[in-house]
There are 2 protein chains.
Amino acid sequence: MATRHQRPPAETAALNAYVKLMRAAESVTTRAHLVLPEGVTITQFAALEALLHRGPLFQSELAGKLLKSTGNLTLVVDNLERDGLVVRERDETDRRFIRVALTAKGRKFISALFPQVAASLTHEFSALTLAEQATLAELCRKLGRGPQPAA
Amino acid sequence: MATRHQRPPAETAALNAYVKLMRAAESVTTRAHLVLPEGVTITQFAALEALLHRGPLFQSELAGKLLKSTGNLTLVVDNLERDGLVVRERDETDRRFIRVALTAKGRKFISALFPQVAASLTHEFSALTLAEQATLAELCRKLGRGPQPAA
DNA sequence: GGATATTAGTTTGACATTAAACTATTATCC
DNA sequence: GGATAATAGTTTAATGTCAAACTAATATCC
């Protein structure tokens with residue numbers, strides 16, 4: 001038995017926008033990453049991309065960039081290290097920190113892969129005009145920051 | 001060593017919009033679901049919500065609504081069934097199909113929970129005006145459908 | 001009507017993900 | 001300077017997630 005309710009307009013608008021937001025995020029991510037070779041996950045790609053464009057990072061910094069927990073990063077970096085794409089280096093000044101850096105193999109790998117994913121994402125976003133993409137980005141930025149207390 | 005590139009404007013716009021889209025989706029989802037009680041995951045909530053508002057569904061239909069694989073749904077429904085929130089019923093006309101339905105306990109549970117999550121989402125989206133929410137929904141809809149071949 | 005193909009769901013193996021408990025290291029504070 | 005806090009990372013247990021191989025049931029086709 002399906003259940004239907006009268007909802008306040010604000011709630012209807014929010015639920016509708018939320019569903020569409022989530023579906024767009026999932027659809028685009030899935031389609032754009034079809035170019036990833038067998039055995040490379042989206043998270044691994046994201047970690048390698050961050051290291052390529054920002055240089056070596058502490059694991060906690062990497063977790064911050066990817067919006068993931070540090071426990072998660074332990075596993076992701078484990079797997080990347082196992083595959084010879086990154087190395088861990090203990091920071092000698094403060095031995096609690098571990099710096100993650102691309103190996104030569106890892107740099108070569110992500111340097112070749114990134115342009116393909118970028119092209120794929122660009123193709124996906126060609127569903128929108130550049131102006132629409134800018135609008136979308138701005139609305140998402142405001143939404144991501146959350147409701148701001150009145151100034 | 002960070003790497004910077006000259007990019008075509010279309011690529012810059014797409015990458016920027018993509019990052020903001022993903023961050024917004026993750027941030028809003030995380031914050032809005034903080035109201036979920038201990039032990040209920042976002043996926044379980046989504047499955048129960050679909051059953052509440054659409055009535056009993058086949059597992060494959062549920063997978064379609066949630067954009068998840070059927071293998072995934074097997075586990076999700078397993079856990080919901082274990083907790084007494086849903087039941088599986090073999091379809092007698094075509095015994096390949098399994099219908100998933102809320103139990104009385106499950107209906108009571110999700111009926112009480114949904115309004116809280118809806119209110120939480122509505123609060124998150126109050127970062128945007130209703131017009132902005134409508135714009136966001138429309139842009140996401142176009143993006144989710146993907147680039148359409150020229151008519 | 002029996003071989004073949006298709007479809008719904010399950011299983012398996014690998015990775016992702018979190019919260020919470022834990023270890024090791026550094027900072028703080030009396 | 002020694003007890004206490006705080007911080008970075010790891011581990012553990014539970015769930016999510018997929019692709020691919022599989023089972024069971026139904027449909028198709030000669």
Side-chain angles (χ1 to χ4, degrees), chain A residues 22 25-27 29-48 50 56-83 85-101, chain B residues 22 25-27 29-34 36-50 56-83 85-101:
Chain A
M22 295 309 293
E26 289 181 41
S27 299
T29 297
T30 300
R31 291 197 301 259
H33 291 77
L34 291 178
V35 301
L36 292 185
E38 183 75 17
V40 185
T41 69
I42 293 179
T43 299
Q44 289 171 348
F45 171 82
L48 294 174
L57 295 172
F58 297 128
Q59 275 191 210
S60 46
E61 290 177 315
L62 207 41
K65 301 296 176 201
L66 307 185
L67 296 180
K68 299 297 157 63
S69 69
T70 63
N72 186 4
L73 260 287
T74 294
L75 178 66
V76 172
V77 173
D78 278 353
N79 289 339
L80 291 174
E81 197 173 32
R82 174 203 60 197
D83 296 344
L85 299 174
V86 305
V87 286
R88 280 182 164 103
E89 295 161 4
R90 186 65 73 171
D91 185 295
E92 285 309 322
T93 331
D94 185 335
R95 295 186 48 77
R96 285 174 300 187
F97 287 75
I98 292 184
R99 200 182 314 275
V100 183
Chain B
M22 295 309 294
E26 290 181 41
S27 298
T29 297
T30 301
R31 290 197 301 260
H33 290 79
L34 291 178
L36 292 185
E38 185 74 19
V40 185
T41 68
I42 292 178
T43 298
Q44 289 172 346
F45 171 81
L48 294 173
E49 190 272 328
L57 294 172
F58 297 129
Q59 276 191 209
S60 46
E61 291 177 315
L62 206 41
K65 300 296 175 202
L66 307 185
L67 297 179
K68 299 296 157 65
S69 68
T70 62
N72 185 4
L73 261 287
T74 294
L75 177 66
V76 172
V77 174
D78 278 352
N79 288 338
L80 290 174
E81 197 173 32
R82 175 204 58 197
D83 296 342
L85 299 174
V86 305
V87 287
R88 280 181 165 104
E89 294 162 4
R90 186 66 73 172
D91 185 295
E92 286 308 323
T93 331
D94 187 336
R95 294 187 47 76
R96 288 173 299 185
F97 287 74
I98 292 184
R99 201 182 313 275
V100 183

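Closest approach of A/R95 to A/R90, counting heavy atoms only: O-NH1, 2.6 Å. Annotation for B/L57 and B/E61: closest pair CA-OE1, 3.4 Å, computed over non-hydrogen atoms. What you find for A/D91 and A/T93 is that their closest heavy atoms are OD1-N, 2.7 Å. In plain terms, the two heavy atoms of B/A25 and A/M22 that are nearest each other are CB-SD, 3.8 Å. Contact detail for B/A47 and B/V76: the closest heavy-atom pair is CB-CG1, 4.4 Å.
Residue A/I42 is out of contact with every strand shown, counting any heavy-atom pair closer than 4.0 Å. Residue contacts shown for A/R99 are absent, as no nucleic acid heavy atom lies under 4.0 Å away. Using a 4.0 Å heavy-atom criterion, one finds that A/T43 contacts the sugar-phosphate atoms exclusively.
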For nucleotides 18-22 of chain C, give me every protein contact, N/O to N/O, under 3.5 Å, one pair per line with atom names.
unit_1 : atom_1 : unit_2 : atom_2 : d
C/dT18 : OP2    : A/S69  : N      : 2.8
C/dT18 : OP2    : A/S69  : OG     : 3.1

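Taking NE2 of B/H33 as the reference point, atom OG1 of B/T43 lies at 9.0 Å (rounded to 0.5 Å). Atom CD of A/E92 sits about 10.5 Å away from atom CG of A/D94, to the nearest 0.5 Å. The CG atom of A/L80 lies 9.5 Å from the CG atom of A/L73; values are rounded to the nearest 0.5 Å. A distance of 8.0 Å separates OG1 of B/T41 from CG of B/L36, quoted to the nearest 0.5 Å.
Checking side-chain atoms of A/R99 against main-chain N and O of A/E89 turns up no donor-acceptor pair under 3.5 Å. Between the B/D83 side chain and the B/L85 main chain, no donor and acceptor come within less than 3.5 Å of each other.
Nucleotide C/dA8 holds its C1' atom 15 Å from the CG atom of B/L57, rounded to whole Å.
With sequence neighbours excluded, the residues that form a side-chain contact (heavy atoms from CB on, under 4.5 Å) with B/T74 are B/Q59, B/D78, B/R88.
C/dA27 is paired with D/dT4 under the Watson-Crick or G-U wobble criterion, all donor-acceptor distances under 3.5 Å.
Contacts of residues 87-98 of chain B with DNA chain C (heavy atom under 4.0 Å): B/R88, B/R96, B/F97, B/I98. Looking at residues 59-66 of chain B, you'll see B/Q59, B/S60 sit with a heavy atom under 4.0 Å from some atom of DNA chain C.
Listed by first then second residue, pairs satisfying salt bridge (charged side-chain N to carboxylate O under 4.0 Å, His left out) with a partner in residues 31-46 of chain A read A/R31-A/E124, not counting sequence neighbours.
Base orientation of C/dA27: anti (glycosidic angle beyond 90° from 0).
Heavy-atom contacts of chain A under 4.0 Å fall on DNA chain D between two terminal nucleotides, which in 5' to 3' order are D/dA6 to D/dT11.
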